[in-house]
Amino acid sequence: MFPIDLLDSAPEGANSGAHPASHSPLLTGLNDEQLAAVTLPAGHALILAGAGSGKTRVLTTRIAWLLQTGQATPGSIMAVTFTNKAAKEMLARLSAMLPYNVRGMWIGTFHGLCNRMLRAHYQVAKLPQAFQILDTQDQLSAIKRLCKQFNVDDERFPPKQLMYFIAGCKEEGMRPGDVVATDPDTRKKVEIYQLYEEQCQREGVVDFGELMLRSFELLRDDVHLRQHYQRRFQHILVDEFQDTNKLQYQWLKQLAGEADGSRFVSQSSVIAVGDDDQSIYAFRGARVGNMADFIREFEVKNQIKLEQNYRSYSNILDCANALISHNSNRLGKNLRTTQGPGEPVRIYEAPSDLAEASWMVDEIKQLVKNDGFTRQEIAVLYRSNAQSRVIESALFNSGIPYRVYGGLRFFERAEIKHALAYLRLLENPHDDTSFMRVVNFPARGIGARTIEQLQDAARSSGCSLSDAVTAVGGAAGTKLQGFVAQIDVLREQTQGKTLREIIETVEEQSGLIEHYRNEKEGADRIENLQELVTAAESFVTQEGFGKDAVALPLDAQEILPATNLTQSPVSQGLDPEAPLLDQPLQAPAGTLASMVNADTGETMSPLAAFLSHASLEAGDNQAQAGQDAVQLMTVHASKGLEFDAVFIGGVEEGLFPHENAMMDRGGLEEERRLAYVAITRARKRLYLSHSQTRMLHGQTRYNVKSRFFDELPEEALKWITPRQSGFGSFAPNSGAGGAYGSRGSGQFGSNSGWSNKTEVFASPVVPRQKAEPSHGIKAGITVFHNKFGEGKVLAVEGQGDDARAQVSFGRHGTKWLALAIAKLTVVE
DNA sequence: CGGGATGGTATTTTT
DNA sequence: TACCATCCCG
């Protein structure tokens, strides 16, 4: 578990000022900014929370303060986050702070809360009660299936692209009818989007985007429901607001108030907490602009900046501040600390990616052996996953334990998905995605031919695959009916059983266990299947279903029939203002039996709840915690974490900033924010490194150091002398190094960096260019190439026919070109 | 139905 | 280079 911030270890004197309100133990230790944020008066507010400024503490303390001072009841509070991790964190802190149960409050992820709402009002939302949630994998296979069905040319319309299109539309709040399609390609995509929607509706499944959009529409279109929730949630707190997309913002607006002409009128208090400088998810629909829109549309009076940083020494913060100041259109913020300057930020230039990795390993050894750092507190960050390979192997070879973030998560593993598919079919036999996944797994002699027949039958009668099995004749049909019968038997068998028993029965009876038992590499998979039982068990008992977004018995207020909502909830004998103080701290085990939906009187089965949980929380993304291991992850994955020592590798043009990011508008600025996030992860020591050469896609690339180096304050940096051990083809000549010391980055801009490097790396491969060559091509000038267009010359080497130049062509990348062959014309 | 060959493709990612 | 998805064949 990684600490989210350092506030708990912040110096006691951080807030010595006497505040009248600080009599409450809740408020002690808060600095002025934090105190102001926590005790904000009713009304909308924006809290601009810098990295390491104690954002989570402010959020949770705010909620606790509202409750403690009687300004709010648990039922009137909603707190939204993006990740389950953040939601859990908030819940954990709150239950530690509050003397009573946090249950009554709506705390969760956007999707989790939407799910909760849709479960409660599934009829109004026109969903089956047992609707299943598709994750990205499921969504893609659903689209592939649809495309095959309708003979969509998957060359012209790759399923992946269609998925992005559909998800993108939903993020913007657009149904097929809302998309403005001017070209035939888009029209076709919209058509497929429409078909996809019909398919999902028929099968009773919703994807992540649909969860959000359907919930939004529910609020938008049902005035009683909307008013009910608006009245209920007097305090809405949004975490990581800079990451919200258009639809999420609209959803919040529905909850918060009504449009009145051109004005937006709201009775509740929306507190948006975020940091525009840490907005790094534009590529998946996040809209930083929501912050400005929020200020304008909600007529935000109170804006508070949390700029006091409790994490890093000032050299690190100076780097972060200086770097980010190169972005325009910021809301503006400067991190400060009372800690001293600390050590300088170290910058290392490696001759190759191998050498870079090997240097990191040496440095890590030093940190652990001499400087008292623990491996767990050391992180290696990189821009793209491909970079991890060399670092991993270097660490592996020197026997340093490490842990890589990312990769498949628990609920995404194939064997788990298979088991879940069976379970889903018990709940909802019309879930064709699940049907397809397991109809022939383990193998039952049901081949592609048979499936095609079945799909044809299902399509012509407009029913689900499960319902169509009787339409297929012959031996194939018998096999299909056998499968459906098997599912039916399972459903019968598991009736009234506990969740544990259900899963065990399904894993055994489906033949999954047997299948993996016969497989060479099956042992791990069987272990995972057993782990699934354990996960379900702990879901039922420990979590008590309160954690995640399932309809809770205590939420009976929400589960009112829509028709009754014309009356006040109070008239139903459900007082939304009733305090929940007298409720038990922990929900008793097996509370699910009491999960009655007041709407229909139906009970939400533990299985249904668990399936929602499995879709909404894919499980830990981090490998086996526990041992003291160095942490490897992308910069994106590092957001929200912090470490004593941080290495950022591959800080090179083309990689960081990434060349692909440069193509879209604002791409460079997002890359810079990404670098800002990376830098602010470090507490005590920070290393930035770049390499002259790098193996990428099986080709050696020659990269120039990142422009970001030029944006860092020289006083805070220390340029490390490369070691003299030889690595790769660009090993420095022995004795030629040692000239690095502390040097101004200003004297070599990104274009001239190379020639300076050659001073140190006086290798025969990259000789320093002294005399002006006759071809007139030299570093720094712009040239034109027939195929690649205009490019900047980074370096020139060799003479006569051997002469070659390294040219950076922007979107075409950086290339070495033989001047005798490539036709380069000098531009101007 | 499964295995091997082949070819296309390689930021970032949560729900 | 390395992974993957798809295809074709036994």
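- Closest to the side chain of Leu616(A), out of dT13(B), dT15(B), dT11(B), is dT15(B).
- Counting heavy atoms from C-beta outward, Arg444(A) and Val439(A) have side chains that stay 4.5 Å or more apart.
- Base orientation of dT11(B): syn, the glycosidic angle falling within 90° of 0.
- You cannot call His111(A) stacked on the base of dT15(B); the centres under 5.5 Å and planes under 30° rule is not satisfied.
- Atoms CG (Leu408(A)) and P (dT13(B)) sit 13 Å apart, rounded to a whole Å.
- Spacing between atom CZ of Phe82(A) and atom C1' of dT12(B) amounts to 16 Å, rounded to whole angstrom units.
- If you take CE of Met633(A) and C1' of dT14(B), they are 16 Å apart, rounded to a whole angstrom.
- Here Phe283(A) lies in heavy-atom contact (under 4.0 Å) with a base.
- At the heavy-atom level, Asp243(A) lies nowhere under 4.0 Å from the strands shown.
- Listed by chain and residue number, Tyr382(A), Thr634(A) satisfy the side-chain contact (heavy atoms from CB on, under 4.5 Å) test with Asn385(A) (two or more places apart in sequence, or in another chain).
- Closest to the side chain of Arg389(A), from the set dT13(B), dA2(C), dT15(B), is dA2(C).
- Within the nucleic acid shown, Gly209(A) has no heavy atom closer than 4.0 Å to any nucleic acid atom.
- If you look at Phe709(A) and His690(A), their ring centroids are closer than 6.0 Å.
- Rounded to whole angstrom, the span from the CG atom of Asn115(A) across to the P atom of dT14(B) amounts to 19 Å.
- Under 3.5 Å, the side chain of Thr83(A) and the base of dT15(B) form no donor-acceptor pair of N or O atoms.
- When rounded to the nearest whole Å, the span between CG of Leu655(A) and P of dT12(B) equals 10 Å.
- Among the atoms of the strands shown, none is found under 4.0 Å from any heavy atom of Asp207(A).
- A gap of 22 Å separates the C1' atoms of dT12(B) and dA5(C), to the nearest Å.
- Taking 4.0 angstrom as the limit, Arg409(A) places a side-chain polar atom (N or O) nearer than this to OP1 or OP2 of dT15(B).
- Closest to the Tyr281(A) side chain, of the nucleotides dT11(B), dT13(B), dT1(C), is dT13(B).
- For His121(A) and Tyr229(A), the ring centers sit closer than 6.0 Å to each other.
- Residue Leu134(A) is classed as having no contact, given no heavy-atom separation below 4.0 Å to the nucleic acid.
- Counting only N and O atoms by type, the side chains of Arg287(A) and Ser279(A) include no donor and acceptor under 3.5 Å apart.
- Residue Lys144(A) is classed as a sugar-phosphate contact, given heavy-atom separations below 4.0 Å to backbone atoms only.
- Residue contacts for Glu240(A): at a heavy-atom cut-off of 4.0 Å it reaches no nucleic acid atom on any strand shown.
- If you measure from atom CG of Leu140(A) to atom C1' of dC4(C), you get 13 Å, rounded to the nearest angstrom.
- Counting only heavy atoms from C-beta on, Ala661(A) has its side chain closest to dT11(B) among dT1(C), dT13(B), dT11(B).
- For Arg383(A), the side-chain atoms get nearest to dT11(B) when compared with the rest of dC1(B), dT11(B), dT15(B).
- Listed pair Asn84(A) / dT14(B) fails the phosphate criterion, with no side-chain N or O lying under 4.0 Å from OP1 or OP2.
- Applying the side-chain contact (heavy atoms from CB on, under 4.5 Å) rule to Ser689(A) yields the partners Tyr348(A), Glu356(A), Trp359(A), Met360(A); only residues at least two apart in sequence or on another chain are considered.
- Taking the ring centre of Tyr676(A) as origin, the terminal cationic atom of Arg673(A) falls outside the region bounded by 6.0 Å and 45° from the ring axis.
- dT11(B) atom P lies 15 Å from atom OH of Tyr382(A), rounded to whole Å.
- Taking the nucleotide of DNA chain B with the nearest heavy atom to each of Asn440(A) and Thr634(A), the more 5' of the two is matched to Asn440(A).
- Not one side-chain nitrogen or oxygen of Asn385(A) sits closer than 4.0 Å to the OP1 or OP2 atom of dA10(B).
- In the set dT12(B), dT13(B), dC1(B), dT12(B) carries the atom at the smallest distance from any side-chain atom of Ser384(A).
- Heavy atoms of Ser615(A) sit nowhere under 4.0 angstrom from any nucleic acid atom.
- The CG-C1' distance, from Asp135(A) to dT15(B), rounds to 9 Å in whole Å.
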